[in-house]
Amino acid sequence: MLRDDIILKAVNLKKAYRVGDVVTWGLRGVNLEVRRGEFISIMGPSGSGKTTLLNMIGILDKPTKGDIIIDGVRVSKLSSKEMAKLRNRKIGFVFQQFNLISRLTVYENIELPLVARGMKRHLRRRMVVDALKMAAGDLTWLKKKPNQLSGGQQQRVAIARALVNNPAIILADEPTGALDRSSAKAVLQTFVNVNKHGQTVIVVTHDPEVANCSNRILIIRDGIIVKEEEPCWDKCIINTVK
Amino acid sequence: MMTSVVRGYGSYVESQLLGLGQNTVVVMGTSEYTLTRNDLDYIRGLPEVDVAEPFYLTQAYIQTKEGRKQVYVYAIDYDILNKAIGNLKLEKGEYPSLTDVTSAVIGHFVAFSESTGAKLFDIGDAITILMPQVKSGGKVTFTRATVRVSGIFEEYGGAMFVSPDTGIFLPEKSGKSILHMNSWSGIFIIVKDPMLVDSLVKKLRSTYAGKVDIIAFQQIAKVVSSITGAIDFIAFSTSLSAFAVAVAGTAATMITSVIERTREIGVLKALGFTDSQVMWMIIAEAILMSLIGGLIGVTLGLGGAFVMASRGLSISSGVSKLVIKAPPKITPELISYTMGITIIVGIIGGLIPAYRAAKIPPAVALRYE
Ligand SMILES: Nc1ncnc2c1ncn2[C@@H]1O[C@H](COP(=O)(O)OP(=O)(O)OP(=O)(O)O)[C@@H](O)[C@H]1O
Ligand SMILES: [Mg+2]
């Protein structure tokens with residue numbers, strides 16, 4: 001029961017970037033345990049390794065050393081096809097720059113993870129609609145192209161896309177970095193709702209008012225988690241912005 | 001599409017081999033040698049010869065509703081004409097009797113306008129034929145003859161030597177009495193077996209030693225076949241280099257498109273698309289791209305083929321000029337072959353960019369600006 005409760009575990013995670021002869025350490029040994037249903041925020045100065053850590057957790061990149069266990073599955077043992085499947089089923093990504101595909105409609109963007117999964121067209125519709133509702137989106141957006149929406153609206157579409165497959169973990173890298181305060185508030189409101197729904201949320205942010213909405217704040221410096229801080233719910237953006 | 005035009009000519013020649021010519025040889029008199037009864041008897045006596053009949057041929061003009069029109073007037077035995085030109089059928093009327101020297105069977109485009117299809121002459125109509133004659137001093141005078149239409153041939157298309165569509169065919173006896181020609185233009189020979197054509201031609205050449213013109217359609221056909229064969233080869237090698245260019249073009253376009261969309265590919269992989277799914281998406285796109293290109297190409301090519309073919313291939317030797325107008329041979333096979341090649345171009349051209357795209361680690365792709 002206790003073991004099952006750990007949705008994500010990182011063991012002595014190291015990542016070296018090699019550019020020519022120069023080696024930069026993105027991560028120098030990160031240990032991390034995240035319980036199912038937690039809402040974690042990661043803070044730290046620029047270049048401290050936040051994105052690198054999130055990429056490792058999301059299996060977007062391979063660690064130089066160490067291992068990651070997601071829902072009991074040891075990632076280093078997986079083939080690239082199995083990794084793709086794990087990303088598809090267990091993880092939902094939200095990026096700072098939304099990363100919606102501009103040629104596709106909102107509907108088509110949200111259904112992409114279901115297409116990757118090979119789900120039948122008629123089954124997808126309901127899931128797309130549910131996900132957009134969950135992300136506090138408006139169903140009139142479905143036929144539109146992403147560039148017809150505001151930044152905050154686009155980010156909610158991106159969240160719907162991350163949610164559509166009902167993944168266990170939502171990973172967000174500075175999801176409010178490109179948004180104004182009220183859009184940022186709407187995005188955090190969505191994360192809090194999703195988290196109440198049982199999904200694990202991990203958010204990288206520079207914004208203390210975002211970090212304060214989580215259960216745990218991890219501080220990372222020079223590729224190592226240096227400390228943990230207690231968030232203050234009253235200072236969460238949901239409560240500070242009208 | 002070059003191929004379709006060339007194959008069009010090639011198959012035209014083949015069809016001519018089957019229709020007219022396979023076993024037909026024509027001996028034409030010249031200004032220095034007049035063919036006579038003796039020549040006819042000699043030719044008929046040769047073992048290779050099945051039938052031989054003399055004929056008169058002259059170029060002439062006729063007056064129609066649409067103005068003056070150039071025609072060829074033949075005075076020839078109808079039986080040998082039918083033997084020489086397969087599939088020549090009357091669409092209307094009948095052959096005149098051998099002694100009815102003023103009755104003629106006319107070609108389809110004598111009876112109907114070539115441009116508008118309007119009827120110019122019908123059965124029973126009289127046609128006045130104007131035959132130019134160059135008198136000493138370069139003066140041209142016209143000899144007139146009036147004939148009555150007794151039959152009209154179906155449209156035949158291009159034919160070698162004889163052009164049924166623009167011909168007026170009179171009985172052999174008309175040559176002297178109506179056309180006022182004092183000697184035969186030539187002798188039409190049907191050989192017993194196509195295999196014997198070469199030996200007959202050899203014999204005639206040695207007998208007449210260049211004093212007469214000998215036209216063996218089988219030999220012309222061989223030459224045209226070898227020409228179209230050569231062109232076909234050129235077209236093939238052109239296609240081969242075009243194929244290489246198309247593959248390179250597709251690859252270049254796809255590489256650009258893949259680089260532009262590196263970030264998008266990163267997003268797709270982050271969402272759980274596998275390497276092979278990404279690869280197939282890009283290959284499918286390359287195929288689609290080359291299919292669109294192929295469709296445009298085929299459309300332009302078809303247009304070009306028809307234009308080229310409608311201008312025809314003309315072969316001239318001395319006085320006789322042969323224009324082959326054959327419809328380009330565009331078969332469903334040729335089109336599916338072209339489309340198949342197009343798909344192969346798409347696959348080959350898309351393969352490397354697709355493989356590259358699929359192998360980029362998603363984290364790297366996502367950092368791409
Ligand atoms: N692909 C890469 N190649 C080389 N070095 C890299 C690469 N990605 C990250 N780094 C380096 O690794 C370190 C950590 O980078 P990372 O992007 O994880 O920082 P971050 O905490 O996300 O910073 P920011 O807040 O600016 O987004 C930095 O020194 C960075 O220069
Ligand atoms: Mg970062």
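Just the heavy atoms: all of them, side chains too, but no hydrogens, waters or symmetry mates, feed the values below. Note that the structure is a prediction, hence the values are computed from the model and not measured.
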Using non-hydrogen atoms and a 4.5 Å limit, figure out which bit of [X] sits close to chain B: side chain, backbone, both or neither.
X: A:N99; answer: both
X: A:L112; answer: both
X: A:V164; answer: neither

Do [X] and [Y] have side chains that approach each other closer than 4.5 Å (heavy atoms only, starting at C-beta)?
X: A:N165; Y: B:L271; result: no
X: B:V267; Y: A:R161; result: yes
X: B:R261; Y: A:R103; result: yes

**Asked** Out of B:G266, B:P361, B:A270, which one racks up the most heavy-atom pairs below 4.5 Å with chain A?
**Response** B:A270

**Item:** Under 3.5 Å donor-acceptor, B:Q277 side chain and A:A116 backbone
**Value:** yes

**Asked** If only atom types and distance count, is the side chain of A:N55 paired as donor or acceptor with the main-chain N or O of B:A363 below 3.5 Å?
**Response** no

Could you tell me whether [X] atom [atom1] has more than 12 heavy atoms of other residues or ligands within 6.0 Å of it?
X: B:I352; atom1: CD1; result: no
X: B:K69; atom1: NZ; result: yes
X: A:W25; atom1: CH2; result: yes
X: B:Y355; atom1: OH; result: no
X: A:H206; atom1: NE2; result: yes
X: B:R356; atom1: CZ; result: no
X: A:R117; atom1: CZ; result: yes

**Prompt:** Which is it for A:E82 and B:T274 under the side-chain contact (heavy atoms from CB on, under 4.5 Å) test, yes or no, and what are the steps along the way?
**Reply:** CA-CA 9 Å; A:E82 288 166 327; B:T274 63; over 6 Å; no

**Message:** Which heavy atom of B:G272 sits nearest to which heavy atom of A:R87, and what is that distance?
**Reply:** CA-CB, 4.4 Å

**Prompt:** To the nearest 0.5 Å, what is the distance between CG (A:L100) and CD (B:E264)?
**Reply:** 11.0 Å

**Asked** Nearest 0.5 Å, what's the NZ-CZ distance between B:K269 and A:F93?
**Response** 12.5 Å

**Message:** So if I take each residue of residues 245-256 of chain B and look for any heavy atom under 4.5 Å from a heavy atom in chain A, which residues do I end up with?
**Reply:** none

**Message:** As a quick check of understanding, evaluate side-chain contact (heavy atoms from CB on, under 4.5 Å) for A:L60 and B:V364, giving each step before the final call.
**Reply:** CA-CA 9 Å; A:L60 292 180; B:V364 176; over 6 Å; no

